[in-house]
Amino acid sequence: MKPWRSLYRRSSLWRTRTLESSPHSISFSTDFCTDSHSDAVQSSRFKVFDRDFRRKQLDRASWLMRSKDSFVDSVADNLLDRLEDCKKTFPTALCLGGSLEAIRRLLHGRGAIEKLIMMSTSYDMVKRCRNAEDEVQNENIETSFMVGDEEFLPIKESSLDLVISCLGLHWTNDLPGAMIQCRLALKPDGLFLAAILGGETLKELRIACTVAQMEREGGISPRISPLAQVRDAGNLLTRAGFTLPGVDVDEYVVRYPSALDLIEHLRAMGETNALLQRNPMLKRDTALATAAIYDSMFAAEDGTIPATFQVIYMTGWREHSSQPRAKRRGSATVSFQDIQKQFGSETS
């Protein structure tokens with residue numbers, strides 16, 4: 001039985017080594033596209049997330065995740081829909097972390113991709129994607145698999161036409177730096193597509209957990225990871241050097257039988273707490289109180305509880321001479337005052 005009963009969405013604008021003898025090999029690489037551009041990549045002095053623990057979360061998720069997840073599939077399909085809006089084709093593409101399997105399964109020839117690289121920090125996750133490759137309908141796509149870190153992208157500079165990241169980049173300590181590396185890996189006029197969880201994600205769980213901790217422990221500790229706000233997404237794209245930036249938001253509300261089913265779903269997605277300074281212990285009383293408060297504050301008449309997932313979609317291009325550009329400042333030949341006078345006289 002699925003851990004939720006319904007899903008609806010609100011939208012708004014806003015080391016190389018081959019393992020096993022297999023046609024789909026898994027590679028480990030330490031050659032970074034940014035080796036010659038150390039000034040472009042910012043080392044994260046303040047670390048928020050435990051990247052090693054994050055890898056272990058993905059290892060666990062590779063065994064717990066379902067073959068089809070309606071929420072993840074909806075996000076992946078919505079992200080891939082953006083390829084249909086482009087007349088340009090993308091022969092070489094990289095899929096970064098997050099929901100690799102959903103992206104590969106739902107690609108369906110969009111983007112006219114000929115060569116696809118699937119990359120994750122988790123070997124178990126990459127292995128699962130490789131094993132699932134045989135179940136994907138033959139699309140004549142040459143697929144390779146790589147274990148690598150989004151914070152140190154092991155891709156040659158100017159070698160890709162497309163970079164896709166579905167629900168993965170929000171776990172990086174240096175998100176602007178990771179996006180800069182994605183831009184450097186793209187060819188001129190290459191496309192960057194990403195979906196990350198926004199700050200309104202799991203707002204119901206944050207409230208219930210905070211109230212429960214105040215009641216049972218007399219204080220609070222971070223139980224849910226901090227996430228980017230919508231207003232920051234456009235600045236991130238511009239800071240990373242992308243042109244023609246675009247940002248829009250979808251809000252999904254998933255309903256679960258109980259708070260415990262929500263936690264199990266988060267574990268299966270690899271989306272549980274990975275803060276570096278997290279409290280590894282959660283008292284039983286606090287956990288039960290959180291579930292009870294969640295139910296009392298947010299439960300519907302049918303007994304289900306809602307969980308909000310805010311997904312921020314980001315689109316950006318690597319600069320190219322063929323792209324439209326704004327005119328140079330001061331190059332206008334018509335004054336707005338003259339236009340106002342002309343239209344003002346016509347209306348009067």
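- There is a side-chain donor-acceptor pair under 3.5 Å between T286 and E217.
- Between S62 and D59, the closest heavy-atom pair is OG-O, 2.5 Å.
- Of the candidates D69, L64, L167, L58, D69 is the only one forming a side-chain contact (heavy atoms from CB on, under 4.5 Å) with M269.
- By the side-chain contact (heavy atoms from CB on, under 4.5 Å) test, S335 is found to be paired with Q337, D338, residues two or more places apart in sequence or in another chain being considered.
- Not counting sequence neighbours, the partners of D161 by the salt bridge (Lys or Arg N to Asp or Glu O under 4.0 Å) test are K187.
- The aromatic rings of Y256 and H265 are tilted relative to each other, their planes meeting at an angle between 30° and 60°.
- Of all non-hydrogen atoms in A93 and L160, the two that sit nearest each other are C-CD2, 4.4 Å.
- Taking 4.5 Å as the limit, every side-chain heavy atom of K203 sits out of range of all side-chain heavy atoms of Q310.
- Between M119 and the choices C129, S165, P154, S144, the side-chain contact (heavy atoms from CB on, under 4.5 Å) rule is met once, by P154.
- Applying the salt bridge (charged side-chain N to carboxylate O under 4.0 Å, His left out) test to pairs two or more places apart or on separate chains, none has a residue in residues 282-296.
- In this structure, R110 pairs ionically with D77, as a charged nitrogen and a carboxylate oxygen lie closer than 4.0 Å.
- For the salt bridge (Lys or Arg N to Asp or Glu O under 4.0 Å) test, residues two or more places apart in sequence or in another chain that qualify with R267 are E264.
- No option in D149, N173, T121 other than D149 meets the side-chain hydrogen bond (donor to acceptor under 3.5 Å, both in side chains) test with R51.
- Between the side chains of T272 and Q57, at least one donor N or O lies within less than 3.5 Å of an accepting N or O.
- Legend: residues meeting salt bridge (Lys or Arg N to Asp or Glu O under 4.0 Å) with R82, ordered by chain and number and at least two apart, are D248.
- D52 has a carboxylate O that lies under 4.0 Å from a charged side-chain N of R55, or vice versa, which qualifies the two as a salt bridge.
- Using modelled atom types, one finds no donor on one side chain facing an acceptor on the other under 3.5 Å when comparing S70 with D73.
- Using modelled atom types and a 3.5 Å distance limit, the side chains of E319 and T243 yield no donor-acceptor pair.
- Between R318 and D189 there is no salt bridge, since none of the side-chain N atoms of the basic residue sits less than 4.0 Å from a carboxylate O of the acidic one.
- Between L227 and L197, the closest heavy-atom pair is CB-O, 3.7 Å.
- In terms of heavy atoms, V247 sits closest to M314 at CG2-CG, 4.5 Å.
- Judged as a salt bridge (Lys or Arg N to Asp or Glu O under 4.0 Å), and not counting sequence neighbours, R54 has no contacts.
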